[in-house]
Amino acid sequence: MNRPIRIGLIAEGEAELGLSIPYIKPEDGGKVIERKKEGALHTLIRRELKNIGLSDCDFVHRHPSLKERGVKLRTGHSVLDRKYLAQLVIAWKPEEIDMILIVVDADDKLSQRQDNLERALSTIRDNHLDVNDQPISDRSAEGLAIKNFETWLLADTQTVATVLGVEIQPLENLENLDDTKERLDKAIAESTYLPEASGNQRPLQIRWNLANQIDLETIKTCCPTGYATFVQHLIAVAKRVRDVNTNPEPER
């Protein structure tokens, strides 16, 4: 297979997914997301995969359900709803995606969110089907941002401060902090970086730019339970997909 690995990414909001949500046209379901519509999480994942030698990857739109067509979908906690997940995953055709990732925030409910995420991953694996309608259990992975996705972006505070041109107090024990989203929002609001971007496009663009520049090893060091664990799962699944795509099993 000569094309890039195709990934179905399930996450909670615009901070992670950029302009690829919340509206999905029915005709765009299963198609590759334009790079300009990707978000910060797409960027972090692509950088990690390039670090293990993958030339590139593509991210694929979900298929909108009949219920949500014409309705603005606010993702949030609904991405952990098992009925919603089953419908979302089974709608992807085998040729549209090679692997599925789900990433959510822990918020202030770490134990509960861990349990919910494990059940969600099980649902994904039960409904990710191959060309013979058999479940695929080894090409999906989960990630838990502790306590939220902004914690990952803020981990490399030196780079963030340099890009934004503001002072940011050095942070310790990042995964124990409750206000990393507020800290990043405050830094963005105080910054004059990207003045040409307007409205909610500016913070999304800034997050995307930060994800392109922050040091990945620093994120792993500062967020060992959340980010480093997610990357381990991501790489293991990506290597499995690469091996399967390189040496595909014969169809039964």
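Note that the structure is predicted; figures quoted are calculated from it, not measured.
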Which residues satisfy the side chain to side chain donor-acceptor pair (under 3.5 Å) test with Asn148, sequence neighbours excluded? Thr151, Thr180
For the residue pair Phe59 and His42, does the interplanar ring angle fall in the parallel (under 30°), tilted (30 to 60°) or perpendicular (over 60°) class? perpendicular
Could you state the interatomic distance from CG (Leu144) to CG (Asp105), rounded to the nearest 0.5 Å? 8.0 Å
CD-CD distance between Glu142 and Gln114, expressed to the nearest 0.5 angstrom: 10.0 Å
Residues at least two apart in sequence or cross-chain that pass side chain to side chain donor-acceptor pair (under 3.5 Å) with Asp28, listed by chain then number, are none
Okay, side chain of Asp215, backbone of Thr218: is any donor-acceptor separation there less than 3.5 Å? yes
Carboxylate-amine/guanidinium proximity below 4.0 Å for Asp126 and Arg82: no
Between Ser122 and Glu118, is there a donor-acceptor pair closer than 3.5 Å when you use the side chain of the first and the backbone of the second? no
Should the pair Arg183-Glu150 be classified as a salt bridge under the 4.0 Å nitrogen-to-oxygen rule? no
Does Ser137 offer a backbone N or O that forms a donor-acceptor pair with the side chain of Arg125 under 3.5 Å? yes
Can Glu34 and Lys36 be counted as an ion pair, charged N to O under 4.0 angstrom? yes
Are the side chains of Leu234 and Met99 in contact, using a 4.5 Å heavy-atom criterion? yes
For Arg207 and Gly18, indicate whether the former's side chain and the latter's backbone hold a donor-acceptor pair under 3.5 Å. no
Taking salt bridge (charged side-chain N to carboxylate O under 4.0 Å, His left out) as the definition, give me every residue that meets it alongside Lys50, ordered by chain and number, with sequence neighbours left out. none
Pair Asp178 + Lys147: basic N to acidic O under 4.0 Å: yes
Keeping the roles fixed (side chain from Gln213, backbone from Leu210), state whether a donor-acceptor pair exists under 3.5 Å. no
Roughly how far apart are Asp98 CG and Cys57 SG, rounded to 0.5 Å? 10.5 Å
So, Arg240 and Asp138, do they make that salt bridge, N to O below 4.0 Å? yes
Are the side chain of Glu16 and the backbone of Gly13 linked by a donor-acceptor contact shorter than 3.5 Å? yes
Give a yes or no on whether a salt bridge exists between Asp185 and Lys181, defined as a side-chain N under 4.0 angstrom from a carboxylate O. yes
Under a 3.5 Å distance rule, please check whether Arg113 uses its side chain to pair with a backbone N or O of Val104 as donor and acceptor. no
Determine whether Leu129 and Ile97 fall in the same hydrophobic cluster, where Ile, Leu, Val, Met, Phe, Trp and Tyr are linked whenever their side-chain heavy atoms lie under 4.5 Å apart. no
Do Ile136 and Leu88 sit in the same hydrophobic cluster, where Ile, Leu, Val, Met, Phe, Trp and Tyr count as joined when their side-chain heavy atoms come under 4.5 Å apart? no
Side-chain donor-acceptor pair present, His63, Gln87, cut-off under 3.5 Å: no
Assess whether a salt bridge exists between Asp56 and Arg35, defined as any Lys/Arg side-chain N lying under 4.0 Å from an Asp/Glu carboxylate O. yes
Indicate whether the side chain of Gln205 and that of Asn209 have a donor and an acceptor atom separated by less than 3.5 Å. yes
In chain order, what residues pass the side chain to side chain donor-acceptor pair (under 3.5 Å) check against Asn212, with sequence neighbours excluded? none
Exactly one of Asp156, Thr157, Thr162 should register a side-chain hydrogen bond (donor to acceptor under 3.5 Å, both in side chains) with Thr159. Which one does? Asp156
Atom CG in Asp130, atom CZ in Arg139: separation rounded to 0.5 Å? 7.5 Å
May I ask you to decide if Lys83's main-chain N or O and Asp81's side chain share a donor-acceptor pair within less than 3.5 Å? yes
Quick one: does any side-chain atom of Asp58 pair with a main-chain N or O of Arg6 as donor and acceptor, under 3.5 Å? no
In Å, rounded to the nearest 0.5 Å, how long is the span from CD1 of Ile235 to CG of Asn51? 8.0 Å
Distance from Trp208 atom CH2 to Leu44 atom CG, nearest 0.5 Å? 11.5 Å
Within the structure provided, determine whether Ile214 and Ile219 are in side-chain contact (heavy-atom separation under 4.5 Å). yes
For the side chain of Arg242 and the backbone of Gly53, is there at least one donor-acceptor N/O pair under 3.5 Å apart? no
Hits for salt bridge (charged side-chain N to carboxylate O under 4.0 Å, His left out) against Lys25, two or more places apart or cross-chain, chain-then-number order -> none
Any link between Leu153 and Leu177 through a network of hydrophobic side chains (Ile, Leu, Val, Met, Phe, Trp, Tyr) touching at under 4.5 Å? yes
Is Val241 linked to Leu121 within one hydrophobic cluster, defined over Ile, Leu, Val, Met, Phe, Trp and Tyr using a side-chain heavy-atom separation of less than 4.5 Å? no
Are more than 12 heavy atoms from other residues, nucleotides or ligands located less than 6.0 Å from atom CD of Glu182? yes
Suppose the criterion is side chain to side chain donor-acceptor pair (under 3.5 Å): which pairs have a residue in residues 165-175, not counting sequence neighbours? Glu175-Thr225
